[in-house]
Each structure stands twice: as structure tokens, then as C-alpha cells.
Amino acid sequence: MPRKIAPPTPQNQPHQCIQYLHRCGGSARLCHIKFSLNVIQMLVNQRKVKIKNTGAGFFIELEDSK
């Protein structure tokens, strides 16, 4: 009998989004990522990412660690 795979818990989704951005070089087009708006808003509120309008679209970027 095949095992059921549980969907990722909400606590892991912000961490997965951060990992995804690291793999993409630190930024990605906002329309191309598959994370919920709640996860993105949580990361923006925690100041881990920022949203940037480049004129050609919106990008989500990792905040620079200082």
C-alpha cells in the first residue's frame, strides 16, 4: 500500500520560500512563484524579503543581511 505524503505544514512554507529564492540567485518574478500570498506577506512583515517593481514586473528579493 503506498504511503500518503502529508502536505507541507504552514511553518515550513516560509522556509521553503527562502530556500527557493536562494536557489534562484536571491530574486524571482512574483508571478512565477507558487507560494501563497500569506506566506509572502509574512516574510515581508518579518523583513526577510522585499517586493520590487522594476517597470517590467514585480520581483521578490531577499533582504540584504547587514
Side-chain angles (χ1 to χ4, degrees):
M1 185 174 209
R3 298 173 109 189
K4 291 184 179 179
I5 298 174
T9 58
Q11 301 92 318
N12 286 339
Q13 289 180 357
H15 180 68
Q16 291 172 348
C17 185
I18 296 289
Q19 285 181 335
Y20 176 79
L21 290 172
H22 278 292
R23 287 192 306 263
C24 291
S27 69
R29 252 181 191 249
L30 193 57
C31 63
H32 290 167
I33 64 173
K34 302 295 181 192
F35 296 97
S36 71
L37 293 177
N38 291 333
V39 170
I40 294 168
Q41 185 64 51
M42 183 186 335
L43 291 171
V44 170
N45 290 345
Q46 293 173 357
R47 297 179 190 226
K48 293 185 178 181
V49 299
K50 60 184 173 182
I51 307 297
K52 186 174 183 181
N53 184 359
T54 62
F58 289 91
F59 283 81
I60 182 170
E61 298 180 340
L62 291 172
E63 281 284 343
D64 295 331
S65 300
K66 294 181 182 179

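- In this structure, CD1 in Ile33 is found 3.5 Å from CD1 in Ile40, a value given to the nearest 0.5 Å.
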Please step through side-chain contact (heavy atoms from CB on, under 4.5 Å) for the pair Glu63 and Val49, ending with a clear verdict. CA-CA 5 Å; Glu63 281 284 343; Val49 299; 5.6 Å; no

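- The closest side-chain heavy-atom distance from Lys50 to Val44 is not below 4.5 Å.
- Distance CZ/Phe35 to SG/Cys17: 4.5 Å, rounded to 0.5 Å.
- Note that CD1 of Ile51 is 9.0 Å distant from CZ of Phe58, once rounded to the nearest 0.5 Å.
- In this structure, NZ on Lys52 lies 5.0 Å from CD on Glu61, to the nearest 0.5 angstrom.
- Distance check, rounded to the nearest 0.5 Å: CG of Leu30 to CZ of Phe59 gives 10.0 Å.
- Closest approach of Ser36 and Gln13 over heavy atoms only: OG-OE1, 4.4 Å.
- Among the candidates Asn38, Asn45, Leu37, the single residue satisfying the side-chain contact (heavy atoms from CB on, under 4.5 Å) test with Gln41 is Asn45.
- The distance from atom CD1 of Ile60 to atom CG of Leu21, rounded to the nearest 0.5 Å, is 5.0 Å.
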